[in-house]
Protein chains: 2
Amino acid sequence: MKRSLEHIDYKEGTEALAKYAKALAHPTRIAILRHLENQSCCFTGDLVDVFPLAQSTISQHLKELKNAGLIQGELKPPKIKYCINQKNWMEAKMLFDELFSLDTNVVTKEKKC
Amino acid sequence: MKRSLEHIDYKEGTEALAKYAKALAHPTRIAILRHLENQSCCFTGDLVDVFPLAQSTISQHLKELKNAGLIQGELKPPKIKYCINQKNWMEAKMLFDELFSLDTNVVTKEKKC
DNA sequence: AAAATCAATCGTATATTTGCGATAAGAAAT
DNA sequence: ATTTCTTATCGCAAATATACGATTGATTTT
């Protein structure tokens with residue numbers, strides 16, 4: 001992909017928000033997170049039973065959620081217990097809240113058109 | 001891409017939420033939305049001036065935001081005025097709120113591990 | 001030590017996303 | 001009618017995402 005040479009200086013938090021949004025941009029990953037919230041944690045195998053997807057596919061979705069920081073894995077040999085990463089989950093919540101709350105004080109903003 | 005043959009029955013709102021998250025999964029699109037919120041609306045050309053991206057690239061990002069339903073265009077010949085689609089914006093807000101608020105009543109939930 | 005279990009990773013195939021320049025399409029102004 | 005202005009779309013290239021089966025690696029059980 002051709003990429004813009006200049007780095008764009010986005011407002012603070014914009015890239016972090018995009019990162020979280022990207023992690024949420026697939027229904028299976030949202031469903032996994034809901035599942036984790038419902039029962040606080042789970043193993044990869046539990047999810048393989050719940051969704052009609054290959055084990056490798058589930059594992060890949062978990063990897064993306066982990067890379068985005070939304071979940072964390074804890075070794076419980078021979079299994080791995082996955083939980084929501086509360087700290088980052090709260091950060092994501094706040095970033096989304098902030099984005100969607102901007103319109104509340106729209107009356108005080110200058111209308112440009 | 002190989003695709004699962006069986007359709008997955010996600011919980012109500014999951015696919016809509018994924019659709020909105022996907023639209024937000026790029027910092028430029030978040031920045032465009034912030035810009036729209038700040039001054040209630042704008043023209044494509046305004047954004048081309050703000051971001052170091054080609055006009056065609058901006059247009060494509062606007063198209064995705066429009067397809068996701070987050071913005072809408074209004075013909076103001078020879079320009080097009082873009083605004084947040086308030087109805088869908090609120091729906092997105094509620095879907096994200098719901099996702100992130102599940103943990104508040106976690107004490108009442110059964111812990112499975 | 002060998003077998004079984006569980007999850008990650010590899011390799012592959014295909015679809016989608018992101019970016020650009022060039023072109024097209026529409027209305028407005030000359 | 002022609003030119004100008006504004007935005008969308010096309011065609012291309014490269015990167016990323018999504019899915020699968022097969023394999024690997026680590027741990028536990030036998």
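Convention: sequence-line order gives letters A, B, ...; per-chain numbering from 1. Values below: every heavy atom of this structure, side chains too, minus hydrogens, waters and symmetry copies.
- A:Lys66 places its NZ atom 12 Å from the P atom of C:dA7, with the value rounded to the nearest Å.
- Counting atom types as modelled, B:Gln60 pairs no side-chain N or O with a base atom of D:dA8 as donor and acceptor under 3.5 Å.
- Side-chain nitrogen and oxygen atoms of A:His61 include none within less than 4.0 Å of the OP1 or OP2 phosphate oxygen of D:dA17.
- In this structure, B:Lys93 does not pair ionically with B:Glu98, as no charged nitrogen and carboxylate oxygen lie closer than 4.0 Å.
- A straight line from NZ of B:Lys63 to P of C:dT17 spans 11 Å, rounded to a whole angstrom.
- Atom OH in A:Tyr82 sits about 7 Å away from atom C1' in C:dA7, given to the nearest Å.
- Contact check, A:Lys22 against D:dA17: a side-chain N or O comes under 4.0 Å of OP1 or OP2.
- C:dT18 atom P lies 12 Å from atom CG of B:Leu24, rounded to whole Å.
- For D:dT9, neither phosphate oxygen OP1 nor OP2 lies less than 4.0 angstrom from any side-chain nitrogen or oxygen of B:Ser56.
- Put simply, B:Leu33 and B:Met94 are part of two different groups of oily side chains (I, L, V, M, F, W, Y) that touch within less than 4.5 Å, one to the next.
- The distance between atom CG of B:Asp49 and atom C1' of D:dT6, rounded to the nearest whole Å, is 12 Å.
- Residues A:Thr14 and B:Ala31 come closest through the heavy atom pair CG2-N, 4.4 Å.
- Rounded to an integer number of Å, the gap from CG of A:Asn67 to C1' of D:dT16 is 13 Å.
- Remark: P of C:dA8 and CG of A:Leu53 are 15 Å apart, rounded to the nearest angstrom.
- Both A:Lys79 and A:Thr57 lie near DNA chain C, and the one whose nearest nucleotide falls closer to the 5' end is A:Lys79.
- Distance, A:Leu75 CG to D:dA26 P: 12 Å, rounded to whole Å.
- Ring geometry for A:Phe96 versus B:Phe96: interplanar angle under 30°, hence parallel rather than tilted (30 to 60°).
- Using a 4.0 Å heavy-atom criterion, one finds that A:Thr44 contacts the sugar-phosphate atoms exclusively.
- In this model, a donor atom of one side chain and an acceptor atom of the other lie less than 3.5 Å apart for A:Glu91 and A:Tyr20.
- The side chain of B:Ala54 lies closest to C:dC20 when the candidates are C:dA8, C:dC20, D:dT18.
- Heavy atoms of A:Gln55 sit under 4.0 angstrom from at least one base atom.
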